[in-house]
A.B. asks: 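Dropping a structure here in structure tokens format, bear with me for questions.
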Amino acid sequence: MGFATLIESRDQSTGGHIRRTTKYVELLAKETAKEKIYKEILTKDYIQNLIMSAPMHDIGKVTIPDAILQKAGKLTSKEYEIMKNGAEQDFDPFLVEIFLKNRKKIEMIYEQLG
């Protein structure tokens, strides 16, 4: 959540988007799990993993330049393509490794902020 909030902080228009999306995922998963055909798939652990990963749904914003991400006016067609395709870019495995090694610190920082 801390890493996702850091990403969200780059885009002032999103507000509490990450928290709302995470809550929607939680509610949808728990309600869907009540359906007989999904009971075996949507276990408590599976639902918890969904909830924990939901904040990362906008990870692609890391690759978007601030000038585009924070632009107040309408995006040009080229800027829109960059926004649309940003999540499709490859991530630096070193960045992911750093995040995974430091996730406890990131979580502690997030808890102190929020």
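All heavy atoms count here, side chains included; hydrogens, waters and symmetry mates do not. Throughout, residue positions are numbered sequentially from 1 according to the sequence presented.
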A.B. asks: How many angstroms lie between atom CD1 of I51 and atom OG1 of T22, to the nearest 0.5 angstrom?
C.D. replies: 8.5 Å
A.B. asks: What closest approach, in Å, do A54 and V25 show between heavy atoms, and which atom pair accounts for it?
C.D. replies: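 Here A54 and V25 meet closest at CB-CG2, 3.8 Å.
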A.B. asks: Rounded at 0.5 Å granularity, tell me how far CG in L69 sits from CE in M83.
C.D. replies: 5.5 Å
A.B. asks: Looking only at heavy atoms, which two atoms of A29 and L50 are closest? And how far apart?
C.D. replies: CB-CD1, 4.1 Å
A.B. asks: Regarding K23 and E26, does a basic nitrogen lie under 4.0 Å from an acidic carboxylate oxygen?
C.D. replies: yes
A.B. asks: On a heavy-atom basis, which atom in K71 and which in A67 lie closest, and how many Å separate them?
C.D. replies: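 Closest pair (atom of K71, atom of A67, distance): CB-O, 3.4 Å.
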A.B. asks: Could you walk me through whether K78 and E81 pass the salt bridge (charged side-chain N to carboxylate O under 4.0 Å, His left out) check?
C.D. replies: CA-CA 5 Å; K78 184 177 179 180; E81 284 301 311; over 6 Å; no
A.B. asks: Can you tell me how far CG of L75 sits from OH of Y80, rounded to the nearest 0.5 angstrom?
C.D. replies: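 Going from the OH atom of Y80 to the CG atom of L75 covers 9.0 Å.
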A.B. asks: Indicate yes or no for a side-chain donor-acceptor contact from E79 to the backbone of T76 under 3.5 Å, with no hydrogens or angles considered.
C.D. replies: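 Indeed, once roles are kept as given, a pair shorter than 3.5 Å links the two residues.
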A.B. asks: Distance check, rounded to the nearest 0.5 Å: K44 atom NZ versus K30 atom NZ?
C.D. replies: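 Going from the NZ atom of K44 to the NZ atom of K30 covers 9.5 Å.
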A.B. asks: Between I64 and I82, which heavy-atom pair has the shortest distance, and what is it?
C.D. replies: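 Minimum heavy-atom contact is CD1-O, 3.2 Å.
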A.B. asks: Looking at D45, I47, I41, which one forms a side chain to side chain contact (heavy atoms under 4.5 Å, CB included) with T43?
C.D. replies: D45
